[in-house]
Amino acid sequence: MSLEAIPIHVITHAPSEPGLSGNAPPLLREISELLQRLLDSGESAAIDLSALPLTPADLDWLQAILGAGEIAITLQASGESTLSETACPGVWWVTHRNENGAVTSQFIEVAFIPELAKAHPLDVAIGREQLELLISDL
Amino acid sequence: MQGPLIDTLVRQGVSRRTFLKYCATLASMMALPPTAGRAMAEAMAASRRPSVIWLPFQECTGCTESITRSHSPTIEGMIFDMISLDYQETLMAAAGFQAEEALHNAMKDNFGKYLLIIDGSIPLGVDGAYSCIAGRSNLDLLKDAAKGAAAIVAMGSCASYGGIPKANPNPTGAVSVSDIIKDKPIVNIPGCPPIPVVMTGVLAHYLTFGSLPELDDKGRPKAFYGETIHDRCYRRPFYDQGKFAKTFDDEGARNGWCLFELGCKGPVTYNACATTKWNGGTSWPVESGHGCLGCSEPDFWDAGSFYKALSTPANPLKLAATATVVGAAAGVAVSFANRAKKDAAKKAHQPVTLADLEK
């Protein structure tokens, strides 16, 4: 069936800039809602950017609007990941890369601290054991 | 996050953060909600390694190569630490009697619970004599192994649809796994070879949820085979603008324009190459300048020339059938047909380079 058969005509506004799909601005509302939820209940959330129909220009636009914040965390785990706080505290731009430096996934995480930055209690326990070993060797 | 699996990984030097990152990426690729990454990590960390039996039939070992060679040592390889691979001829150290014994023990000890992976088609001609292991035909082995399987994964186009062995004139009478086994859940992971992350994604789903992921009408996981190569192709804007490469070395080819007129089968091929890419995200066929062959579609080998545009009536039988089965693709096919009329004169002319390629 061709689209002409549907008696409704969609008027598409020309995007203001080339490459912009218009899909990015609604995300800001969602982020705002998620921030309110974080404040009310302490519940963190994430938006999977690779799952949304966003063009590279959309992502640039979103990144520019959200701005750069005070903290940027670099994680070296099978390739580099960056977890950067945006100018809006509590909103983190998380980019995972593989060993070749290619982006494997991208998220906006709404949290006081991103999940990955926290140390796991079991890892802390292992670390302390190793520290005790070092101390006993002194 | 604790349990037998993560303990094993930590001992091998894989940190919890690496594992979490891996699960987040995997969940994203499987189109699961972002929170699923965390849930997957928790569930998989605590999971007991399921027994996996991998039987190679009429195949070229390309599927095994794809899975085992394209990953970095830790990431895709991690999945091999999450399963107990009890039989895999190419990878196992055991041979002969010991290998067959391992297979029989795994089948007996885990009856009803093991995951059966099949790569290669099953030849039915001459009572299955074209492909035998330890004196038994593939057909016999498959029926026997399927009895105790919780689920079957058909790896690659041969196991999924018959693949190249089934291509005209199909001398061995090759058929797919689903042509023979009717009473078990089967997931098809077609591709020649299939994309490694699709395989690991299906295994991760099985480990996390204890079931196979959602499948489409051809038995493929929707998360990876939900859209065509064409719909996710980074050259798609050129198609929409009508900018096509006409030969492999013209200005259009150099400018990276759409390869549709050079026979790209992207518009009728459902796979994830355009998003996951190949060789650790390095590139994929269209990015390297060659059209999609449609290797993950049934009977791709007999669907006409790889170098004739889809709209030319080279042999549109299979591709047209594919398009009508899938509603969304039907509209695409119609617009191709229109293009064909308009460009008929142009299409009659075949550049020498293409003719050479077909020889």
Side-chain angles (χ1 to χ4, degrees), chain A residues 1-6 18-19 21 30 34 43-53 55-57 73-83 92 94-111 114-127 129, chain B residues 1-3 6-7 10-11 13-38 41-42 45 71-78 197 223 226-227 231-232 234 236-237 275-283 327-328 330-332 334-335 338:
Chain A
M1 194 175 89
S2 78
L3 282 177
E4 285 73 40
I6 304 170
S21 69
E30 187 177 348
L34 293 176
E43 200 182 333
S44 56
I47 298 169
D48 185 353
L49 293 173
S50 27
L52 298 170
T55 63
I73 301 168
T74 315
L75 168 71
Q76 301 291 347
S78 299
E80 190 177 279
S81 295
T82 47
L83 305 92
W92 301 79
V94 180
T95 307
H96 293 313
R97 292 180 194 82
N98 63 16
E99 287 88 343
N100 304 327
V103 175
T104 53
S105 54
Q106 243 180 144
F107 300 91
I108 285 176
E109 199 168 332
V110 179
E115 191 67 47
L116 269 177
K118 293 177 197 162
H120 193 280
L122 285 174
D123 286 338
V124 175
I126 293 167
E129 271 172 34
Chain B
M1 185 170 61
Q2 47 188 308
I6 192 69
D7 290 346
V10 168
R11 270 202 300 280
V14 178
S15 73
R16 282 188 171 77
R17 286 198 183 97
T18 305
F19 187 62
L20 265 176
K21 172 177 166 174
Y22 171 66
C23 289
T25 303
L26 202 55
S28 171
M29 284 180 163
M30 294 172 73
L32 294 167
T35 45
R38 176 86 204 176
E42 296 280 356
H71 59 73
S72 55
T74 51
I75 291 301
E76 306 298 340
M78 239 186 234
V197 74
E227 284 172 289
D231 283 343
R232 298 303 294 264
Y234 76 105
R236 176 67 191 259
T275 41
T276 61
K277 300 192 181 181
W278 281 90
N279 298 329
T282 308
S283 183
V332 178
V334 169
S335 69
N338 292 340

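In the text below, chain A, chain B and the rest are named by the order of the sequence lines, each starting its count at 1.
Proximity of a side-chain donor or acceptor of K21(B) to a complementary backbone N or O of R97(A) within less than 3.5 Å is detected.
Once rounded to the nearest 0.5 Å, the distance linking CD1 of I126(A) with CZ of R16(B) reads 6.0 Å.
Residues T25(B) and S105(A) bring a donor and an acceptor atom of their side chains to less than 3.5 Å of each other.
Taking chain B as the reference chain and counting heavy-atom pairs below 4.5 Å, the highest number among S81(A), A119(A), A102(A) is found for S81(A).
Taking each heavy atom of F107(A) and A24(B) in turn, the nearest pair found is CZ-O, 3.6 Å. Of all heavy-atom pairs spanning D48(A) and P34(B), the tightest one is N-CG, 3.6 Å.
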Can you check side chain to side chain contact (heavy atoms under 4.5 Å, CB included) on R17(B) and D123(A), steps first, answer last?
CA-CA 10 Å; R17(B) 286 198 183 97; D123(A) 286 338; 5.9 Å; no

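At a 4.5 Å heavy-atom cutoff, L49(A) makes no contact with chain B through either its backbone or its side chain. For chain B, the nearby part of N98(A) is the side chain; its heavy atoms alone come within less than 4.5 Å.
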